[in-house]
Every structure is written in structure tokens, then in C-alpha cells.
Amino acid sequence: MDIFSKKLTNNSRYNVLSVVGAGFGDEGKGKVTDLYASKWAEVVVRANGGCNAGHTVTINGNKASLRALPSGILSEGVENVICHGCVINPIELVEEINKIKKIVNFDIKLHISDRAHVITEYDIQLDEAFGKSIKTTGNGIGMCYADKAYRKGLRICDLYKSNVEIAKKLSETMSNITVSNETFFQKLEPIDVANKLKQAFEVIEPYICDTSVLLNKYIKDGANVLFEGAQAAMLDNAYGFYPFVTSSNPTTAGLSTGSGVAPYYFNNNIGVIKAYCTRVGEGPFVTEFNNELSDEIREKAHEYGTVTGRPRRIGWFDCVIMKQGNRLNGYSSIALMLLDVLSGIDTIKICINYIDEKGKVLESIPADANELYKIKPQYLTLPGWAEDISKCKSFSELPKEAKNFVETIEEQINIPINIISVGPDREQTIFRD
Ligand code: IMP
């Protein structure tokens with residue numbers, strides 16, 4: 001199968017592909033989006049989250065961390081769009097742009113929504129103070145989205161105003177936050193915050209536009225448009241393990257509302273998941289295990305947060321969250337990442353059901369996080385494989401136990417696994433029909 005062919009399977013007229021996280025984030029979306037961004041996409045779009053996302057890429061021997069910028073920024077000629085559903089820290093964004101400009105030898109093509117909300121230093125300080133209980137990434141994401149919901153947020157279009165007017169708006173926003181905010185005002189004068197934002201704005205101003213209009217035009221003109229989801233289904237603000245979630249909707253529907261592109265176009269949707277499960281931050285994690293094997297997996301796969309450096313918690317593959325994610329996202333296929341990490345493990349588990357305290361199989365994931373802590377996983381135990389699979393180029397080359405693992409997951413979740421990653425390089429990828 002030529003997955004990079006111009007026409008996608010599920011939609012004959014338009015070439016829109018979305019890639020979303022199917023677990024708790026950090027599934028390796030970066031590798032999948034990078035593959036499509038470099039070989040297929042003409043436009044790459046971010047439509048949710050902010051600099052809480054992050055993946056590291058190597059280009060011309062230089063390592064770059066992409067946090068707010070779409071993956072297409074590293075490919076010449078590709079248009080990159082940051083939509084209104086994202087929250088933007090202009091100061092960080094300018095730093096990121098400057099770093100990228102140093103390592104690529106072409107003019108970057110970037111478009112930033114005039115409706116995106118601005119993360120300010122106040123949001124970051126508030127996040128540091130109040131995000132600890134769920135271990136947020138500390139980037140002010142939740143606070144910025146809260147300002148937005150409160151209808152008091154500062155938006156990119158506000159940065160056209162004078163420094164004094166921006167400072168006034170910042171004071172108004174802060175006065176609406178229902179916590180004692182005096183501490184923050186003592187530390188940060190609104191005019192100082194406004195001055196720094198205005199400086200950053202001068203760098204990003206040429207990129208600002210109405211990105212919904214732009215994207216709809218690209219799509220109707222037949223461009224290959226890749227939507228790059230940030231975070232993942234199980235961090236969804238409504239259907240993740242609330243309150244241990246992010247503040248946006250990291251689902252396919254979230255990409256639609258976050259971009260101003262109608263749901264109609266989102267027919268081709270890849271869910272990305274690891275061959276085992278990880279999560280950072282607090283919250284229930286039904287298939288988590290803590291022993292020598294989890295330490296081994298963490299070190300082998302370097303399971304530490306790209307943005308925060310925090311060690312990731314390790315668990316077994318979880319079909320229950322895959323089914324929940326599929327209900328939200330409607331995956332047309334799955335990309336199964338880091339299969340090579342499981343080589344050398346005697347027996348491998350797959351969680352197929354959640355069992356409650358009375359021993360009953362749950363039909364759905366409970367809304368209350370306290371209930372989730374009481375759940376036990378029901379596992380299928382499969383034989384592992386000893387062979388190094390990192391050089392396998394096709395499905396048929398995999399050991400029979402690895403094939404069995406992949407096919408068992410497919411049977412359980414009833415979604416085809418069309419991409420299997422067996423190592424970090426682009427070449428270490430198996431494509432299946
Ligand atoms: P926030 O998005 O920084 O507000 O953090 C809320 C929750 O989402 C925390 O548990 C974070 O660890 C988690 N989170 C946010 N972004 C990511 C990500 O890109 N990967 C994994 N976890 C994330």
C-alpha cells in the first residue's frame with residue numbers, strides 16, 4: 001500500500017488526514033506526523049493545546065524540540081498553520097521560531113490564527129501554583145483556556161493594540177480570577193508583561209491571519225492537509241480521566257472545532273498508540289505496573305517527558321481505552337508504536353476488560369476518577385519473542401509471537417493496525433494493507 005499516495009481512501013474529494021493520540025499522550029505521534037509531513041503533506045495544522053505538547057526531531061544533525069510549531073516546519077515548501085483552538089505563548093513561540101530558523105536553510109511558511117488565545121506570565125504562575133495537584137506541564141495551558149471560557153482571555157488580535165491597552169486588558173482578566181491574585185500582581189506589573197508580549201508580537205505579526213478561511217481554501221483546492229493532534233484521547237477534558245486531563249479536546253472533533261474546518265472533512269483518522277502504555281502526571285492508570293520490568297522498559301525506550309523530563313509511568317496495552325478513544329475519534333486505522341521495546345520479554349499482557357470491585361466487567365469507563373482507582377484489569381497473557389525486530393521491514397518478517405500480539409489487538413479493538421513502528425528512524429516502519 002502506498003500510504004503516501006495523494007488520494008486518501010475514505011474521502012474521494014478532499015485530502016485531509018488527522019493523526020491523534022489514542023492513549024495518555026507521548027505515543028509517538030511525532031514520528032507518524034513527521035512521516036506524513038515530510039512525504040505527503042502540503043499543509044500541516046495544529047488545532048489544540050499549546051507548548052504542553054512536544055517532540056524532538058533531528059535534522060541536519062541538529063536536534064530540535066517542536067512544541068507549538070507544526071511538524072511541517074522542518075520540510076521545505078510546507079505551509080504550517082497554528083489555529084485558534086491552540087493557546088499560544090508568543091515569547092516561547094518566538095524562541096522556537098528562532099531555533100528552527102537556525103537549523104533549516106529555507107524560509108519557513110507559518111500562519112497563526114488571530115483568534116488564538118495568548119498564554120501570559122500570569123497563566124504560567126497560576127498553573128505553577130494550582131496545577132500541582134494533577135501535575136500539569138506547568139505551561140499555563142489550563143489557566144489560559146480558563147480565561148477563554150471566562151470570556152476574558154487575551155487573544156492574538158488584541159496584541160495589535162497599544163502596550164497600555166494590553167496592560168489594561170491583562171488587569172481586567174486577572175481581576176476575574178476567583179483566587180487571591182494579589183501575590184501575582186505584586187510580582188508582575190501588567191505593563192511589563194504587556195511590553196514583553198508586544199515585542200514577541202512584532203516578530204509573529206507577519207504570520208497572523210484568519211486561519212479558518214485559509215485552511216478551507218487549501219482543502220477545497222485539493223491540497224494534502226495533515227492535522228496534527230496534540231495530547232491524546234485519554235487526556236480529553238470531557239472523556240479522559242477527569243480531572244487528570246488537559247484543558248482542550250485532543251480528539252478529532254477537537255481538531256475540527258479548533259480549526260474552523262467542518263467535521264465533514266475528517267474521514268481519515270489515524271490513532272497512534274504504543275505497544276505498551278505510558279502516562280505522565282497524576283491520575284488513575286489501570287494497567288500500570290511498577291517493578292524491574294517497568295524500569296527496564298522506561299530505560300530502554302527512554303520514557304521521560306519531552307517537555308518536563310518527568311519519568312513516565314508504565315503499564316500494559318489497554319484495549320478498553322482504545323475502544324473509548326475509538327468511540328470519540330472514529331479511527332480509520334491505528335499506528336502501533338515502539339513494538340521493538342517489547343522484544344526480550346517472556347510474557348506480554350493485554351488488558352481486555354475493566355473489572356469492578358464486585359467482579360463485574362464494566363461496560364464503560366466510569367466518570368468518577370475515584371471509581372477508576374478501584375478497577376482491576378482483566379488480561380490476556382501472550383507469549384513474547386526474543387528476537388531483535390528493529391530491522392524488520394515487513395509484517396511477514398516479524399516473529400510469529402509479535403504477529404500474534406498485533407493481530408490479537410486488532411481482533412480485540414476491531415480496527416486495522418496499518419503502521420507498526422520498530423525503531424525511532426523513519427525507515428524502521430512497517431506498513432500494512
Ligand atoms: P496541562 O496540559 O499542562 O494542563 O496538563 C494536564 C495533564 O495533561 C497533566 O497530567 C499532563 O501531564 C498531561 N499532559 C499535557 N500535555 C501532555 C503531553 O503532550 N503528553 C503527555 N501528557 C500531557
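Any value given below was found using the heavy atoms of this structure, including those in side chains, with hydrogens, waters and symmetry copies removed. As the structure lists them, so they are numbered: ligands from 1, and atoms in each ligand from 1. Index from 1, following the sequence. A quick note: this is a predicted structure, and the numbers were derived from the prediction, not measured.
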Check: Which protein heavy atom lies closest to atom 18 (C) of ligand 1, and at what distance to 0.1 Å?
Finding: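 Answer for atom 18 (C) of ligand 1: Asn52 O, 3.8 Å.
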Check: Which residue owns the protein heavy atom closest to atom 17 (C) of ligand 1, what's the atom, and how far is it?
Finding: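 Scanning the protein heavy atoms, the shortest distance from atom 17 (C) of ligand 1 goes to Gln231 CG, 3.6 Å.
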Check: Can you list the ligand 1 atoms lying under 4.0 Å from a non-hydrogen atom of Phe24?
Finding: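 Heavy-atom distances to Phe24 below 4.0 Å select 21 (C), 22 (N).
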Notebook entry, point to check: What are the atoms of ligand 1, with element, lying closer than 4.0 Å to any heavy atom of Lys135?
Noted result: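 The list of qualifying atoms is 9 (C), 10 (O), 11 (C), 12 (O).
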Notebook entry, point to check: Aromatic rings Tyr36 and Trp40: how do their planes relate, parallel, tilted or perpendicular, breaks at 30° and 60°?
Noted result: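 Perpendicular: the ring planes of Tyr36 and Trp40 meet at over 60°.
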Next item on the list: Measure from the ring center of Phe285 to the ring center of Phe24 and say whether it is less than 6.0 Å.
Entry: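 Centroid separation for Phe285 and Phe24: below 6.0 Å.
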Checklist line | Any Asn139 heavy atom less than 4.0 Å to ligand 1 | finding: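 No, that is not the case, since the closest heavy atom of the residue is not under 4.0 Å from the ligand.
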Note to self: Within the structure, is a non-hydrogen atom of Arg310 found at a distance of less than 4.0 Å from ligand 1?
What the structure shows: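 Distance cut 4.0 Å: Arg310 passes for ligand 1.
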Does [X], backbone or side chain, put an N or O under 3.5 Å from an N or O of ligand 1?
X: Asp127; answer: no
X: Asp26; answer: yes
X: Thr137; answer: yes

Check: Would you say the side chains of Asn237 and Ser247 form a donor-acceptor pair under 3.5 Å?
Finding: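 No, because no side-chain N or O of Asn237 sits under 3.5 Å from a partner of the opposite role on Ser247.
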Item checked: Closest non-hydrogen atom pair between Glu410 and Ile417, with its separation ->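 Smallest interatomic distance, heavy atoms only, reads OE2-N, 2.7 Å.
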Check: If you look at every heavy atom in Val94 and Ala200, which pair is closest and at what distance?
Finding: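 Residues Val94 and Ala200, closest heavy atoms: CG2-O, 3.6 Å.
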Item checked: Nearest neighbour of atom 5 (O) of ligand 1 from the list Thr136, Thr278, Ile134, Ile141, on a heavy-atom basis ->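 Looking at heavy atoms only, the winner is Thr136.
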Next item on the list: Nearest heavy atom to atom 13 (C) of ligand 1 wins, so pick from Leu235, Val245, Thr246.
Entry: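 When every heavy atom of Leu235, Val245, Thr246 is considered, Leu235 comes closest to atom 13 (C) of ligand 1.
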Next item on the list: Report, as yes or no, whether the 6.0 Å neighbourhood of atom NZ on Lys376 holds more than 12 heavy atoms from other residues, nucleotides or ligands.
Entry: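 12 or below, so no.
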Notebook entry, point to check: Should the heavy atoms of other residues, nucleotides or ligands under 6.0 Å from CG of Asn291 be counted, would the total exceed 12?
Noted result: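 Buried by this count: over 12 neighbours within 6.0 Å.
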Notebook entry, point to check: Only one of Ile119, Val203, Val118, Ile82 clears side-chain contact (heavy atoms from CB on, under 4.5 Å) with Leu93; which?
Noted result: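 That would be Ile82; it is the only one of Ile119, Val203, Val118, Ile82 passing the side-chain contact (heavy atoms from CB on, under 4.5 Å) with Leu93.
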